[in-house]
Amino acid sequence: MSPVRISDALRAVVFEPTRDLTDALDEFYAPDYTHRSDGETLDRAGFVEMVTRVRGQIVSGTVQVLDELRDGLDYAERHVYEITLVDGSTARREITIFGTYAEDGRFRHLSETGFDLPA
């Protein structure tokens with residue numbers, strides 16, 4: 001399997017959810033996946049719960065990759081996303097991600113940090 005990209009994962013899982021959530025998550029995230037954001041680390045079950053909640057709040061979104069690097073099983077990426085929420089509000093954030101791949105090319109761990117950008 002070719003290594004996955006976070007921009008493709010965001011599109012499939014949250015921004016353009018045309019597929020079953022479980023299938024989309026299985027394509028991009030390993031069974032032992034962990035996710036760290038804002039000082040909190042989630043296991044795969046916690047991540048699924050968070051994504052399910054977020055997916056229900058977002059009407060649409062786009063992602064623009066600014067930088068992306070793979071070195072063996074190491075991954076780094078920086079992107080800007082823009083989303084529209086069900087209440088009509090919008091958000092724009094720049095996110096930086098560092099992580100690792102599982103041997104099968106799916107994400108094993110991602111750590112992210114980011115900041116809001118003006119609309």
Side-chain angles (χ1 to χ4, degrees):
M1 175 184 259
S2 298
V4 295
R5 303 178 69 203
I6 195 64
S7 55
D8 294 332
L10 286 170
R11 286 183 194 102
V13 173
V14 182
F15 295 160
E16 302 166 10
T18 58
R19 294 176 38 207
D20 175 72
L21 180 57
T22 301
D23 291 343
L25 288 168
D26 286 345
E27 179 180 341
F28 294 98
Y29 302 97
D32 60 346
Y33 177 72
T34 56
H35 185 87
R36 183 166 176 81
S37 180
D38 298 326
E40 181 181 0
T41 300
L42 302 173
D43 62 9
R44 169 91 183 222
F47 179 71
V48 170
E49 183 179 309
M50 184 268 299
V51 168
T52 301
R53 185 175 57 255
V54 169
R55 194 181 209 200
Q57 298 171 351
I58 296 175
V59 173
S60 64
T62 62
V63 59
Q64 177 187 6
V65 176
L66 304 174
D67 300 294
E68 188 171 36
L69 175 68
R70 287 185 210 121
D71 183 20
L73 296 179
D74 295 325
Y75 180 76
E77 191 260 16
R78 185 171 64 100
H79 66 264
V80 171
Y81 74 73
E82 296 183 44
I83 57 172
T84 301
L85 302 170
V86 294
D87 67 2
S89 64
T90 60
R92 187 169 180 248
R93 286 183 58 84
E94 182 173 320
I95 303 292
T96 302
I97 294 175
F98 298 95
T100 57
Y101 286 109
E103 292 296 327
D104 65 5
R106 294 183 289 174
F107 292 120
R108 171 163 284 139
H109 174 78
L110 294 175
S111 293
E112 70 174 45
T113 188
F115 54 90
D116 293 334
L117 296 170

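- The distance from atom NE2 of H109 to atom CG of D74, rounded to the nearest 0.5 Å, is 11.5 Å.
- One hydrophobic cluster holds both V48 and M50 under the rule that ILVMFWY side chains link at heavy-atom gaps under 4.5 Å.
- For F15, the ring-ring contact (aromatic ring centres under 6.0 Å, His included) test picks out no residue, with sequence neighbours left out.
- Pairs passing the ring-ring contact (aromatic ring centres under 6.0 Å, His included) check and including a residue from residues 49-73, sequence neighbours excluded, do not occur.
- We find the CG-CZ distance between L25 and R19 to be 9.0 Å, quoted to the nearest 0.5 Å.
- Between the side chain of R106 and the main chain of V4, no donor-acceptor pair closer than 3.5 Å is present.
- Of all non-hydrogen atoms in R36 and G39, the two that sit nearest each other are NH1-O, 3.4 Å.
- F115 belongs to a hydrophobic cluster with L66, V80, L117, counting contacts under 4.5 Å between side-chain heavy atoms of Ile, Leu, Val, Met, Phe, Trp and Tyr, direct or through other members.
- A donor and an acceptor atom, one from each side chain of T96 and R78, are nowhere located under 3.5 Å apart.
- Note that CD1 of I83 is 8.5 Å distant from OG1 of T90, once rounded to the nearest 0.5 Å.
- Residues forming a side chain to side chain contact (heavy atoms under 4.5 Å, CB included) with D43 (at least two apart in sequence, or on another chain): A45.
- A search for salt bridge (charged side-chain N to carboxylate O under 4.0 Å, His left out) contacts involving D87 returns nothing, not counting sequence neighbours.
- Hydrophobic clustering keeps F28 apart from V65 (ILVMFWY residues linked when any side-chain heavy atoms are closer than 4.5 Å, directly or through intermediates).
- Residues V13 and A24 come closest through the heavy atom pair CG2-CB, 3.9 Å.
- Hydrophobic clustering, with ILVMFWY side chains joined whenever heavy atoms are under 4.5 angstrom apart, keeps V59 apart from V14.
- Under the salt bridge (charged side-chain N to carboxylate O under 4.0 Å, His left out) criterion, E49 pairs with no residue at all, not counting sequence neighbours.
- Every residue two or more places apart in sequence or in another chain that forms a side chain to side chain contact (heavy atoms under 4.5 Å, CB included) with R108 is listed here: D32, T100, A102.
- For the atom pair T34 OG1 and L42 CG, the distance stands at 9.0 Å (nearest 0.5 Å).
- Residues that satisfy the salt bridge (charged side-chain N to carboxylate O under 4.0 Å, His left out) test with E112, not counting sequence neighbours, are absent from this structure.
- Without hydrogens or angle criteria, R92 side chain to P118 main chain gives a donor-acceptor distance under 3.5 Å.
- Annotation: the span from D67 atom CG to H79 atom NE2 amounts to 12.0 Å, rounded to 0.5 Å.
- Judged as a side chain to side chain contact (heavy atoms under 4.5 Å, CB included), and not counting sequence neighbours, the contacts of D20 are T22, D23.
- The hydrophobic cluster containing L73 does not contain F98, counting ILVMFWY residues as joined when their side-chain heavy atoms lie under 4.5 angstrom apart, directly or transitively.
- Residues meeting the salt bridge (charged side-chain N to carboxylate O under 4.0 Å, His left out) test with R44, sequence neighbours left out: D26.
- Considering CG of L10 and CD1 of I58, their distance stands at 9.0 Å, rounded to 0.5 Å.
- The ring-ring contact (aromatic ring centres under 6.0 Å, His included) contacts involving residues 37-71 comprise Y29-F47, Y33-F47, H35-F47, where partners must be two or more places apart or lie in separate chains.
- Annotation for V86 and G56: closest pair CG1-O, 3.7 Å, computed over non-hydrogen atoms.
- Y101 is linked by a ring-ring contact (aromatic ring centres under 6.0 Å, His included) to Y75, F107, counting only residues two or more places apart in sequence or in another chain.
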